[in-house]
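Numbered from 1 within each chain, the chains take letters A, B, ... in sequence-line order.
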Amino acid sequence: MSVTWSDWLPLEHTSQFTPALLAETLDGGQAFRWSFHADDDFWQGTFGKHLVRIRIEKSMTLRCSFPNGAENSINALRSYLGSETNWESILDSLPWRSDEHLATCLAGFRGLRILKQPFAETVLCFLCSATKQIPQIKIMCARLAAELGDEIVPGIHALPTWEQLNAASEVQLRALGLGFRAKNIKRTAEQIAEAPGLLDTIEGLPYAEAKAKLLALAGIGEKIADCALLFGAGKLEAFPVDTWIIKVLQTRYQLHGWTPSQLAQFGRVHFGRYAGFAQQFLFSYERLSARKR
DNA sequence: AGGCAGGTGGCCA
DNA sequence: TGGCCACCTGCC
């Protein structure tokens, strides 16, 4: 039996969003669960127990579709996409007036957003991300879902919960191609099992405290903690420093010789309370430049 | 065919 | 603290 889908429901109208920006937001390294269906021009993905399709029309209207009967996922989707957030105003508050390179990046990706993904699965996806490129991370996440996650509709699974992960063995996780990440995921699953409600607590904490608690989990260092807090907990001040951002800050901000930790500090101070939002523009711009070469 | 990829943790000075 | 290296796997 196959899934039937609802009509395309209007999600929001925006003059800023474009197909390229939707792609960059859903599939540019924040989330790893979206795939583009070129034939019918829509994105399909899951977050939590929601299965969703999104498309953008020429009139710049975002429309969405759900498996019949699951139409109320639209509320969760609005939250996921930050539909209620005034991104334009946050963007304007970034220090682009005194930072020429930031201004260039903002101009190139105006309309880009930060997702608000379910925190627990954001932690999982970024535990998979260590020294992997986006396509590999997506494969790992897909395998985790297929093998361990609940089935949302026939053939499509949610990412596993931490309870489901804890029920798996490290050997079983390794068999999914996770490599050394399997041990970290297994250990973190155990730590979470020992402290029920831990992730919910962390999500509700202020940035610095939340980060300190995340760093105590196996396999989570500065970068992964910041990614989880930025893309999964709405903490826009989190400033993940990965190899791309190191390169940007060294070459375009003349910060050669700075350690990743010092660069993170610089980022939070220089870009301010929405540093993570700024980071995403620097990241997208740098990645796009690299692909063109 | 070997190096490297959106890191982390452990070990050493 | 700061630098180095092992760690899985797959793709260029």
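- Atom CG of A/Leu263 and atom P of B/dG7 are 14 Å apart (whole Å).
- Looking at heavy-atom distances under 4.0 Å, A/Gly29 makes contact with a base.
- If you take CG of A/Asn184 and P of C/dA6, they are 18 Å apart, rounded to a whole angstrom.
- When the P atom of B/dC4 is taken as reference, atom CD1 of A/Ile137 falls 19 Å away, rounded to whole Å.
- The gap from the P atom of B/dA1 to that of C/dC7 amounts to 24 Å, rounded to the nearest Å.
- Closest to the side chain of A/Gln279, out of C/dC8, B/dG6, B/dT8, is B/dG6.
- In this entry the distance linking CG of A/Asp242 with P of B/dC4 reads 18 Å, nearest Å.
- By the 4.0 Å N-to-carboxylate-O rule, A/Lys213 lies too far from A/Glu209 to be salt-bridged with it.
- Across all strands shown, A/Ile134 has heavy atoms under 4.0 Å from base atoms, whether or not it also approaches the sugar-phosphate.
- Taking the charged nitrogens against the carboxylate oxygens, A/Arg33 and A/Glu121 have no contact shorter than 4.0 Å, which rules out a salt bridge.
- Between A/Lys116 and A/Glu203, at least one side-chain nitrogen of the basic residue sits less than 4.0 Å from a carboxylate oxygen of the acidic one, meeting the salt-bridge criterion.
- A salt bridge links A/Glu57 to A/Arg55: one of the charged nitrogens lies within less than 4.0 Å of a carboxylate oxygen.
- Put simply, CD on A/Glu286 is 16 Å from C1' on B/dA5, counting in whole angstrom units.
- Using a 4.0 Å heavy-atom cutoff across all strands shown, A/Gly257 reaches no nucleic acid atom at all.
- Rounding to whole angstrom units, CG of residue A/Leu215 and P of B/dG10 are separated by 13 Å.
- Using the six-membered ring where Trp is involved, A/Phe231 and A/Phe126 have ring planes that are parallel, under 30° apart on the 30 and 60° scheme.
- A/Gln280 comes within 4.0 angstrom of nothing in the nucleic acid, heavy atoms only.
- Note: A/Trp87 and A/Phe277 have tilted aromatic rings, judged against thresholds of 30 and 60 degrees for the angle between ring planes.
- Across the P atoms, B/dC11 and C/dC8 are found 16 Å apart, a figure rounded to whole Å.
- Across the protein-nucleic acid pair, A/Lys247 atom NZ and B/dA5 atom P stand 10 Å apart, rounded to whole Å.
- A/Phe283 comes within 4.0 angstrom of a base, heavy atoms only.
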Between protein and nucleic acid, restricted to nucleotides 9-12 of chain C and to nitrogen or oxygen atoms under 3.5 Å apart, what atom pairs and distances do you find?
residue: C/dT9; atom: O2; partner: A/Lys132; partner atom: NZ; Å: 2.3

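- To the nearest 0.5 Å, atoms CD (A/Glu147) and CG (A/Leu173) are separated by 10.5 Å.
- Salt-bridge formation is detected for the pair A/Asp27/A/Lys138: a Lys NZ or Arg NE/NH1/NH2 atom is positioned less than 4.0 Å from an Asp or Glu carboxylate oxygen.
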Quiz item: How does DNA chain B look in dot-bracket form if you count Watson-Crick and G-U pairs under 3.5 Å, write [ ] for pairs that cross, and put | where a base pairs with another strand?
Solution: .||||.|||||||
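- Here B/dT8 presents its P atom at 12 Å from CG of A/Leu217, a figure rounded to the nearest Å.
- Comparing the same atom, P, in C/dC4 and in B/dC4 gives a spacing of 15 Å after rounding to whole Å.
- Residues A/Gln265 and A/Val269 have side chains in contact (heavy-atom distance under 4.5 Å, counting atoms from C-beta outward).
- When every heavy atom of A/Met60 is checked against every heavy atom of A/His13, the shortest pair comes out as O-ND1, 3.5 Å.
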